[in-house]
Amino acid sequence: MRLTVIGTGYLGATHAACMAELGHEVIGVDVDADKIAALGAGRVPFHEPGLGELLRRHLDSGRLRFTTSYEEAGAFGEVHFVCVGTPQSRRSDAADLRYVDAAFAAIARHAEPGALLVGKSTVPVGTARRLADAHPVDVAWNPEFLREGFAVQDTLRPDRLVFGVESARAEELLREVYAPVLGAGTPLVTADFPTAELVKTAANAFLATKISFINAMAEVCEVAGGDVSVLAEAIGHDDRIGPKFLRAGVGFGGGCLPKDIRAFAHRAEELGAPLAFLREVDAINMRRRERVVELARELCGGPGRSVMGARIAVLGAAFKPDSDDIRDSPALNVAARLQLDGADVTVYDPEAMDNARKAFPLLGYALSAREALHRADVVLHLTEWAEFRALDPAQVRHWVSRPRIVDGRGALDPAAWAASGWDFRGLGRPPGGEGKR
Ligand code: UGA
């Protein structure tokens, strides 16, 4: 089939390359000429394992190309996927729909009669109906569930496909697009517009709630003297609960969960069905960042627990490992707060240094974990890259000025670090790892 993908960020660039991999002819469209030039030259402008190879393979095969021209895209495509961003609005928690609205208007103007416009962006419920009413084209909504770091595999082998459709023809076209994926046995759920839109926001709300639930348990463990990692392991054995997304720590960040739960709560309030608990999920998440700052203060232990002049090493800048995305990153949020309080903060991340430097130019940066840790008074482990998990506490002890560490990701072994003489603090865990007997 001839497809276009409008918006070539994480979602769109991945979708375009994966659709070519499925055998379609694809044009990727973006208003950002630099991005289009980079992708057209085979360069992915962000870190996503496997995507570069796929992109170059299909530039070479001739099935994939990129343009800034809606006219060209409109004349080419039978199905147009809209994958533009829906960031948080500046003045409220609502999603900012200006890019979705502009993309739909532009492609609707140039689309051939009979073309199908498919929204993939995460939008407030009601958007698909509004767009279908505003433009004389066939519309469908096909939310995506890909995770950064696993974007290619999540697109080619998703857990499920969701088609929000109002006509048999729209469903037929989408079945044809995804024929190889459906042929591999992927479950398909077809739904009306509002349900398809809600599936996406509900899924992210559930994931955020699961993380904040375990982080709330961490808060209780901290005052009751329990160990949240042992608690999570024990409740995770119940397959109704499951072990995934139960890692307590400094909380969730990124370009999706934080803004999606805010936009969902905002939309639900507008509709008169408020989701008050999502406000608390957000609050718990933000409190965990505060807690890491507090622990750093405690460990620095200056007069009035001041961090003034303390050398603080921050391991991690990306919002999660295997990504260079720093949007709403808990690690950088904590680093910036401590620096504002007068600490001398040095950050190291294996992939996200360039993005971090651009967004937080005043923080200190090191070129390796060793350099960041050099003569540190306190170490904060805030993004659980494999490289950090593999650090040897006995060796690393010689690099720092004082052996004190906060594990903000529940990923280090407290007993091993304590045994090497470190003052080890975890979130929701007793110092030294005595939670497990
Ligand atoms: C998330 C969802 O997982 C995807 O299904 C969804 O498609 C995507 O948002 C989106 O809406 O586009 P992503 O933002 O890539 O994907 O990241 P996750 O892997 O979900 O992690 C989110 C945050 O939660 C990270 O900061 C991570 O460190 C944190 N997290 C995750 C925890 O603190 N504890 C956990 O147990 C798991």
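Counting convention: from 1, in listed order, for ligands and their atoms alike. Because the structure is a prediction, the values reported are computed rather than measured.
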*Indicate whether the side chain of D325 and that of S323 have a donor and an acceptor atom separated by less than 3.5 Å.*
no

*Listing by chain and number, which residues have a heavy atom under 4.0 Å from ligand 1?*
E144, F145, L146, R147, E148, K200, N204, L207, I211, F245, L246, R247, G251, F252, G253, C256, L257, D260, F319, K320, R409

*Under the side-chain contact (heavy atoms from CB on, under 4.5 Å) test, which residues partner N204, sequence neighbours left out?*
K200, L207, C256, L257, D260

*Ring centres under 6.0 angstrom apart (Y348, Y365)*: no

_Option passing side-chain contact (heavy atoms from CB on, under 4.5 Å) with H80 (candidates L3, T4, V5)_ = T4

*Examine R147 relative to F150 and say whether NZ or CZ is less than 6.0 Å from the centre of the six-membered ring and inside a 45° cone about the ring axis.*
yes

_Does either side chain, that of K259 or that of T86, offer a donor lying less than 3.5 Å from an acceptor on the other one?_
yes

